[in-house]
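Working notes, beginning with the structure itself.
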Amino acid sequence: MSEDTWTPRRNKSLLDPRTKLLLIFVEAVLVLATTGGDRLFAFRVVFAILPFLLLLTAKRYMTCIVGLLVLGSIYFLEYTVFPYANGALASILLIIIMIINRFLPAYLTGVYVVGTTTVSEFKAAMDKLHMPDALTIPMCVMFRLFPTIREENASIRAAMKIRGIRFGGGKAGKMLEYRVVPMITCTAKIGEELSASALTRGLGKQKKRTNICHIGFGWADWAFFLLVAATVIYWILGVLA
Amino acid sequence: MIEFENVSFTYEATPGQKSLRDFSLSINDGECILITGPSGCGKSTLLRLLNGLIPEFYSGETEGSIKIDGNEIQGSRIEDQAGRIGTVFQNPRSQFFNVDTTSELAFGPENLGLSEGEILDRIGQTVKAFHIGALMDRSIFELSGGEKQKIACASVDVLAPGIILLDEPSANLDYEAAENLRELILCWKNAGKTILIAEHRINYIWDLADRVVIMENGVLTKEIQRDEIGRFTEEDATRYGLRCLERIDPTSLVKAGKEAAEQNRKDNTIILKNFRYSYDKRQELYSIPEMKIRKGKVTAIVGANGAGKTTFLESICGIRKNNGIMEMDGIAYSGKKRIGMIFMVMQDVNHQLFTESVLDEVLISQRSENEEEAKKILSDVGLAGFSDRHPMSLSGGQKQRLALACAIASKLPILLLDEPTSGLDLLQMHAVAEILNRLKEEGRTVITVTHDSEFIECCCDDVIRMEEAQHET
């Protein structure tokens, strides 16, 4: 029965793609760039924990656990080793702690967003935001090319291993060239074939394109907006005071 | 009705050379036409003229007229033909705009601005006709080459075009996947579509064609009508430089070297032990407790699915982590130790060509650079005049031979090949077979994964079937 029939699936991910865009923005501003200083500390903690919860809702347990382990070991370093370190070691530790503390939540948000958004959903979101096709179509293709680039990269690395091309022997410069040149030619070729195939299937033919995927705000989106609004209001109050 | 009238075409990239010369052909509605001929004969050019990729993607100079249902099509844009002409391309990896299969099927109709209900109806119909329910709502990156090609066909089918073009659709498919493709083409034929297929590998669709067009150097050399197709013999095919006409399942050719198995002399066999691979605990891709390979022979590995065989080769040469052991001359080599003693030519040779010239490519493969020897190797594989060309500017068959030249230059004792003849015409397939026979004379061991029965008969001594692992679902 399953070979011949298909019923459209209606299970959307928890958040609307537009909310996800806002989420990335907030993570970048609040956690990565630590805008707002100490006053927003409590909010920053909430937004640092948020990506882990989202990964759980998307069933990405492994990523979540690895992320927690990394974060855990960083806190361990910060509270047990760092106070006793001095000199160069202290500055190195400080840099590592700072970088991981700030980047990890934003990085995990990125993993969550890319992993749970289909190209169609993204396109639908951009259309609802009235973004022009000239901007959204290249972004869609980029979305599509990321995994391809990863695949190509793995194949090229394997090929180099076979050919015995490795670092050292004064070939470091060549290494980069050997790695990058086939990568660019392969990816460019795939990109070109991709657009040929898309055009033969009518991409760009109609001004108004249909999109069968439904996006819309749900309770989770509104909850998130409330949280962001609360953060912004609290921050403005602080600035005014 | 499609009419080519005295059409000539020259690609801008090769100004001195006409890819089509004074070509005329008319195709009736509902006909299934197989267009074949050696590489560079102009069969792909023909399809590109129809779907509009010429001149938008490949510029050049066109003469003559091309009409569909009486209307001249030159000057129309690619996207205008969507819904009228559908195209299935060669490379299953690069035809998808989306990452999930369902969006991919919806993509074409969405572009045409059809209503949502209509789109869902059409997807439902295509799923039913092609029996692809199990492939829906999946990520493109999880699919095998054959499954990707099915989705590519399905995403053309949902647009309901009257004319369907297929440009070497089986080039990257194994035997079974090609058989599945045949079913889809048959499905279109029964639905009364006009079908044009450009192919080297003609056997899987030979008996489906209403007419066969053979081309060479841009000229139509032979047209075989429906009633003559059955009388066209293998000898005729060879005379026109075509691949074989008969469908032979490569697993029916299994002939493991009997003498080797009986004598079991350790000094002339390589024993592969304990090779297994699984994506996860439930699904094993393959499991090989022991496999014996005769040294100094060419062994073909057939059967199972493409992914399994490729992974197996990667495990043998050590670029994929595994616990398999290779015994040779009484020494056991683990995966790590095998790196650097085995050369592998990948299915997509583009990943393996790094340098700026053909000669450099051979030079970096040598243990110590020796230009004279490198040039000799190049002339041996028939690339004598190409020393200064950029590897990426070569044709598919030439790239394959260049990769083999690198293998020869490396002087490594064992050589692995992954589908070395995919997309090659008769002449180039013979060239590859000849190189393998030479390597054998030099005492090297060649293991090749292949689905190409004709190639196996040309140069393989032993044929081993790799069993499909038991799938638990």
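We name chains A, B, ... by the order of the sequence lines, and we start the count at 1 in each one.
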So for [X], is it side chain, backbone, both, or neither that comes closer than 4.5 Å to the heavy atoms of chain A?
{"X": "B:Ile78", "result": "both"}
{"X": "B:Ile342", "result": "backbone"}
{"X": "B:Leu112", "result": "both"}
{"X": "B:Ser155", "result": "both"}
{"X": "B:Ile140", "result": "neither"}
{"X": "B:Glu361", "result": "both"}

Out of [options], return the one with the most heavy atom pairs under 4.5 angstrom to chain A.
{"options": "B:Pro161, B:Ser365, B:Ala407, B:Gly52", "result": "B:Ser365"}
{"options": "B:Asn91, B:Thr87, B:Leu114, B:Ile85", "result": "B:Leu114"}
{"options": "B:Met136, B:Glu110, B:Glu314, B:Glu56", "result": "B:Glu110"}

Quiz prompt | Within 45° cone and under 6.0 Å: A:Arg18 NZ/CZ vs A:Phe217 ring | solution = yes
Quiz prompt | Ring-face cation of B:Lys150 near B:Phe130 (centre distance under 6.0 Å, axis angle within 45°) | solution = no
Quiz prompt | Among A:Val141, A:Asn211, A:Val180, residue most engaged with chain B (heavy-atom pairs, under 4.5 Å) | solution = A:Asn211
Practice problem: Could you label the plane-to-plane angle of the A:Tyr178 and B:Phe354 rings as parallel, tilted or perpendicular, counting under 30° as parallel and over 60° as perpendicular? | Solution: tilted
Do side-chain atoms of [X] reach the backbone of [Y] as a donor and acceptor pair under 3.5 angstrom?
{"X": "A:Glu121", "Y": "A:Cys213", "result": "no"}
{"X": "B:Ser393", "Y": "B:Arg389", "result": "no"}
{"X": "B:Gln149", "Y": "B:Phe89", "result": "yes"}
{"X": "B:Arg338", "Y": "B:Ser315", "result": "yes"}

Looking only at side chains, do [X] and [Y] share a donor and an acceptor under 3.5 Å apart?
{"X": "B:Gln125", "Y": "B:Arg122", "answer": "no"}
{"X": "A:Lys20", "Y": "A:Thr109", "answer": "no"}
{"X": "A:Ser197", "Y": "A:Arg201", "answer": "yes"}
{"X": "A:Arg179", "Y": "A:Asn153", "answer": "yes"}
{"X": "A:Glu193", "Y": "B:Ser94", "answer": "yes"}
{"X": "B:His351", "Y": "A:Glu152", "answer": "yes"}
{"X": "B:Asn51", "Y": "A:Thr200", "answer": "no"}
{"X": "B:His131", "Y": "B:Glu183", "answer": "no"}

Relative to chain B, which segment of [X] carries a heavy atom at a distance below 4.5 Å: side chain, backbone, both, or neither?
{"X": "A:Lys189", "answer": "side chain"}
{"X": "A:Thr185", "answer": "side chain"}
{"X": "A:Glu192", "answer": "both"}

Quiz prompt | Part of residues 96-106 of chain B lying next to chain A, heavy-atom separation under 4.5 Å | solution = B:Phe96, B:Phe97, B:Asn98, B:Val99, B:Asp100, B:Thr102, B:Ser103, B:Glu104, B:Ala106
Quiz item: Heavy atoms under 4.5 Å from chain A: which residues of residues 343-350 of chain B carry them?
Solution: B:Phe343, B:Met344, B:Met346, B:Asn350
Quiz item: Would you call B:Glu79 and A:Lys205 a salt bridge, taking side-chain N to carboxylate O under 4.0 Å as the test?
Solution: no
